[in-house]
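The structure appears below as structure tokens.
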Amino acid sequence: MTLQLINPRSLPAPSGYTHVVVATGSNMVFNAGQEPEDADGNLVGPGDLAAQARQVFTNLGHALAAAGAHPRQVAKITIYVVQHQPEYLPVIEQARVALFGEHRPADTFLGVQTLSRPEYLIEIDAIAVIDG
């Protein structure tokens, strides 16, 4: 599996993601949106975006591992945040770096009105490319 990360000079330089990812490999792994729940289905961090962000990235790591994938094989993530505010970005980035380190997959960041449960503040899904 190879990921070629490209940030064209004709686009603004991103700080926490990559504009274009070219992925080669034989299997794609699609992860459902990971929610801020522990293994028993209990909400983690009610009302606490930082705690929920840590949990969703932790859950994403577990989901990737179940498919035999590593975070560095993720080509794309989508981050959904309820009532997004600019000051949320550093909080989310800290949780993101805990999983991905220096790897910066392409991403889409969406502010949404609500998620599947009103207590959820954040949800993340991902696409990884792995060798078969």
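The first residue in the sequence is number 1, and the count goes up from there.
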Once ring pair (Phe, Tyr, Trp, His ring centres under 6.0 Å) is applied, what residue pairs with a partner in residues 108-132 remain, sequence neighbours excluded?
His84-Phe109
Answer yes or no: is there a donor N or O on one side and an acceptor on the other, between the side chain of Glu102 and the main chain of Phe100, under 3.5 Å?
no
Counting C-beta onward and ignoring hydrogens, is there a side-chain heavy-atom pair between Pro105 and Thr18 closer than 4.5 Å?
no
Sort and list the pairs that fulfil ring pair (Phe, Tyr, Trp, His ring centres under 6.0 Å) and have at least one residue in residues 8-32, not counting sequence neighbours.
Tyr17-His19
Just to verify, what does Gln85 make a side-chain contact (heavy atoms from CB on, under 4.5 Å) with, not counting sequence neighbours?
Glu87, Tyr88
Group every Ile, Leu, Val, Met, Phe, Trp and Tyr by side-chain heavy-atom contacts under 4.5 Å, then state whether Ile79 and Leu89 land in the same group.
yes
Sequence neighbours excluded, the answer for side-chain contact (heavy atoms from CB on, under 4.5 Å) partners of Ala53 is Ala95, Ile122
Going by salt bridge (Lys or Arg N to Asp or Glu O under 4.0 Å), name the residues that satisfy it together with Glu35, two or more places apart in sequence or in a different chain.
none
With sequence neighbours excluded, what pairs up with Val91 under the side-chain contact (heavy atoms from CB on, under 4.5 Å) test?
Leu49, Ala50
Would Thr24 and Val129 count as a side chain to side chain contact (heavy atoms under 4.5 Å, CB included) here? Give the steps.
CA-CA 7 Å; Thr24 58; Val129 181; over 6 Å; no
For Arg72, what residues pass the salt bridge (Lys or Arg N to Asp or Glu O under 4.0 Å) criterion, not counting sequence neighbours?
none
Judged by atom type as modelled, is there a donor-acceptor pair below 3.5 Å linking the side chain of Gln52 to the main-chain atoms of Pro36?
no
Apply side chain to side chain contact (heavy atoms under 4.5 Å, CB included) to Ile6 and Val21, showing your working.
CA-CA 6 Å; Ile6 304 168; Val21 178; over 6 Å; no
Here the pair of heavy atoms bringing Val29 nearest to Ala67 is CG1-CB, 3.6 Å
Does Ala128 offer a backbone N or O that forms a donor-acceptor pair with the side chain of Gln73 under 3.5 Å?
no
Please determine whether residues Ile130 and Val22 belong to a single hydrophobic cluster, defined as Ile, Leu, Val, Met, Phe, Trp and Tyr linked transitively by side-chain heavy-atom distances below 4.5 Å.
no
For residues His103 and Leu5, report the shortest heavy-atom separation together with the two atoms involved.
ND1-CD1, 4.3 Å
Return the minimal non-hydrogen interatomic distance between Ile92 and Val81, and the atom names on each side.
CD1-CG2, 3.5 Å
Please, which pairs that meet salt bridge (charged side-chain N to carboxylate O under 4.0 Å, His left out) have at least one residue in residues 112-132, sequence neighbours excluded?
Glu37-Arg117, Arg117-Glu119
Tell me the ring pair (Phe, Tyr, Trp, His ring centres under 6.0 Å) pairs involving residues 36-63, sequence neighbours left out?
none
Please go through Val44's hydrophobic cluster and name the other residues, only I, L, V, M, F, W, Y counting, with side-chain heavy atoms under 4.5 Å joining them.
none
Step by step, would you call Leu99 with Leu60 a side chain to side chain contact (heavy atoms under 4.5 Å, CB included)?
CA-CA 9 Å; Leu99 177 64; Leu60 179 56; 3.9 Å; yes
Is there a donor in the side chain of Gln55 and an acceptor in the side chain of Asn59, or the other way round, less than 3.5 Å apart?
yes
Sort out for me which residue in Val74, Ile124, Ile127, Leu64 forms a side chain to side chain contact (heavy atoms under 4.5 Å, CB included) with Asn31.
Leu64
Selection residues 90-101 - residue pairs positive for side-chain hydrogen bond (donor to acceptor under 3.5 Å, both in side chains), sequence neighbours left out:
Arg96-Asp107
Compare every heavy atom of Ala75 with every heavy atom of Leu3, then report the nearest pair and how far apart it is.
CD2-CB, 4.0 Å
Who pairs with Thr108 by side-chain contact (heavy atoms from CB on, under 4.5 Å), at least two apart in sequence or on another chain?
Lys76, Thr78, Leu110
